[in-house]
A.B. asks: 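Pasting a structure below so you can have a look.
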Amino acid sequence: MTGRTTDESRRLAKRLAEEISRLAVRPIRLMEVCGSHTVAIFKAGLRQLLPAQVELVSGPGCPVCVTPNEYLDTAVAYSRQPGVIIATFGDMLRVPGSSSSLAAAKMAGADIRIIYSPLESLDIAAANPTKTVIFLAVGFETTAPTAAATILAAEQAGLANWFALSAHKLVPPALRALLEAGGTRIDGLILPGHVSAVIGEAPYRFLAEEYRMPAVIAGFEPLEILQAVHSLARWLRLGEPRLANQYRRVVKPEGNPVARAVLGRVYGEADAAWRGLGVIPASGLVVRKEYQRFDARRKIPVEPEAAREPDGCRCGEVLRGMISPEACLLFRQACRPENPVGSCMVSAEGACAAWYKYGSGRWQG
Amino acid sequence: MMNGDRITLAHGSGGKLSAALVKEVFAPAFSNGALNELHDGARVRMPGAQLAFSTDSYVVKPLFFAGGDIGRLAVCGTVNDLAMCGADPAYLSAGFIIEEGFPVADLARIVSSMGAAAAEAGVAIVTGDTKVVEKGAVDGLYINTAGIGAVLPGTDVSPRRIRPGQDILLSGTLGDHAVAVMAGRYGLELPPAVVTDCAPLNGLVKEILTAAPTVAVLRDPTRGGLATALNELALQAGVGMMIEEGTIPVRREVAAVCDLLGFDSLYLANEGKFLVIVEPNYTEIVLSVLHRHPYGREAAVIGRVTAAPAGQVGLRTIVGGVRLLDMLVGDQLPRIC
């Protein structure tokens, strides 16, 4: 990992935790926006290291978790059409839609291929000219540029049987919606590392300027996360809402302009529906007119079932940081990783999956 | 019962769904004292003898991988299951299910590898069976082996004997087998250091039980990996466990592959490693036996049995936080053995 010995890491972590304890004179509630941070926090047992007055809550930064049922229902409906091949990342497979999932459709005979890179879906389309290949394009600013590049490559290859079912989402508008909606107290934000590597620092300036919300772009090593918590605790103590980039080795202040240019060429902003957050203005990406012939929704008629949420599932509140997974009556009972009810239990990056797999984060031993 | 009443790959993963399948489907149909202990093999009494008996089927894909093949695996797997019962394996059976069209040269290579592994383990393959099925009915070749051996006198290796305060030892590095098989399957180039750890452990186990007959339990973390093996033991014994992350041996190259592919070495299958749980006054003795043996050179004490929380395993991470170390859910990699 970092080349530090266990003893050194523990000493540093202990010192940071003590400092944080000293700085947090009142209870503070910090949201880690990104699912990868959630996993890193749980995996390192950081919640247990932090003083009781510092609470970490998970946010809406798990792409699979925030994808609404309507999208999954559409994908399942496509998969049942004759001659359709669905190409998807593996983590979408088990996400339950309104009454089915892609995994269930696959078991019932649908042709669903797991891919590791969007470009593989082009190979599938080229190898199956008589079939229709639909790539499930889901993810934040991190993965959207690759999906955009895939659309450009499809155009270059002249593929007529390849389409994208797009549900890409943007993080900053979701943060604004979360802060506008209220209903949950958040004192500071740990901002996603990989998304920021694309968008840079500027899109987050509104946090401090308009909402007086301190925020840190952080890396994923346990000590980097503790450092971010330390900074947030310090600024809260000082009453100085700042924005800091503490992941400079990956995130340049200006982000990645090349990736953004590809993104902007293929996609435009549009309102988008988020599980738990509802429709958020300008928080999604839609394929621009020039590339609409690759847009599955426009080109291939489909009739998904009427979307509905599973009874009792509280993923929406979990994604807004309003409740912890343990407050949901289904958690660990009807909803378990081997038989998930809600999306937050399916994705390895989901808050419920992390709470289940790694314990509530405060070991009762 | 589960997942719409159909078998999924995860039911064969060695993790949670495998446990549910055994508990809900097999155990009720076969229930008896020897089976219900749910150890790697069964300990049974025959007139004049205390025996261990075990069987396992091998479906690994690909058939040949870095440092081993399905033949070596089929012998070592069953030998090790017997060794984990505290037994001295003596005789093995071998059953082959072969797909029509399978090259005889490959079969010869595989059985020759089985012969070599049996010789190393000091066991004899004394009976066998061959079936050939139409193309597509199996993927190349599957092997089943069963084995029998006498329980070493004066030992009682059983999860029932796990007590709070005992030390948990691991005989070496994690994940080598899984990464070697994965590389073979997906055509990854690996550094030469990464080969399967597949090996017969009965010799080493016999030395350990001779030096420390009071060993409480032995368990090889195969499918489901270390995390699943520890959870099974904690559940069976009704104890807790605290594992120190920094002490768990993992080869640097294996850790790098795991980082790259998003695998967790704590859940990866091993075929030549085992856990020893022992009273602390025997820890040094067991450790020194392990360190002298080629299959135990990198052995380490990785944790301790605790009274609470019953049935749960905690992991103290390298930054000092503690978190739950849960059993495998789903399947990281089907057809690993």
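Lettering of chains follows the sequences in order, A, B, ..., and the numbering in each one begins at 1.
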A.B. asks: Considering heavy atoms only, which positions within residues 244-257 of chain B lie below 4.5 Å of chain A?
C.D. replies: Glu244(B), Gly246(B)

A.B. asks: So, Phe140(A) versus His194(A), ring centres under 6.0 angstrom or not?
C.D. replies: no

A.B. asks: Fit a plane to each ring of Phe42(A) and Tyr358(A), take the angle between them on a 0 to 90° scale, and name the class: parallel (under 30°), tilted (30 to 60°) or perpendicular (over 60°).
C.D. replies: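 Rings of Phe42(A) and Tyr358(A): parallel, as their planes differ by under 30°.
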
A.B. asks: What closest approach, in Å, do Ala228(A) and Ala218(A) show between heavy atoms, and which atom pair accounts for it?
C.D. replies: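 Closest pair (atom of Ala228(A), atom of Ala218(A), distance): CB-CB, 3.8 Å.
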
A.B. asks: For Lys43(A), is it the side chain, the backbone, both, or neither that has a heavy atom closer than 4.5 Å to a heavy atom of chain B?
C.D. replies: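 Contact with chain B is through both the backbone and side chain of Lys43(A).
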
A.B. asks: Between Glu32(A) and Thr38(A), does any side-chain donor sit less than 3.5 Å from a side-chain acceptor?
C.D. replies: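 Note: Glu32(A) and Thr38(A) side chains meet the donor-acceptor criterion.
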
A.B. asks: Is it the backbone or the side chain of Tyr116(A) that comes under 4.5 Å from a heavy atom of chain B, or both, or neither?
C.D. replies: neither

A.B. asks: Check Thr228(B), Asp326(B), Asn231(B) against Lys16(B) for a side-chain hydrogen bond (donor to acceptor under 3.5 Å, both in side chains) and give me the one that passes.
C.D. replies: Asp326(B)

A.B. asks: Does Lys61(B) count as lying over the ring of Tyr142(B), i.e. NZ or CZ under 6.0 Å from the six-ring centre, within 45 degrees of the axis?
C.D. replies: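 Relative to the ring axis of Tyr142(B), which defines the angle, Lys61(B) lies outside at least one limit.
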
A.B. asks: Could you have a look at Ala103(A), Ala44(A), Pro337(A) and say which one has the most heavy-atom pairs with chain B under 4.5 angstrom?
C.D. replies: Ala44(A)

A.B. asks: Is it true that Lys273(B) and Asp220(B) make a salt bridge, defined as a side-chain N closer than 4.0 Å to a carboxylate O?
C.D. replies: no

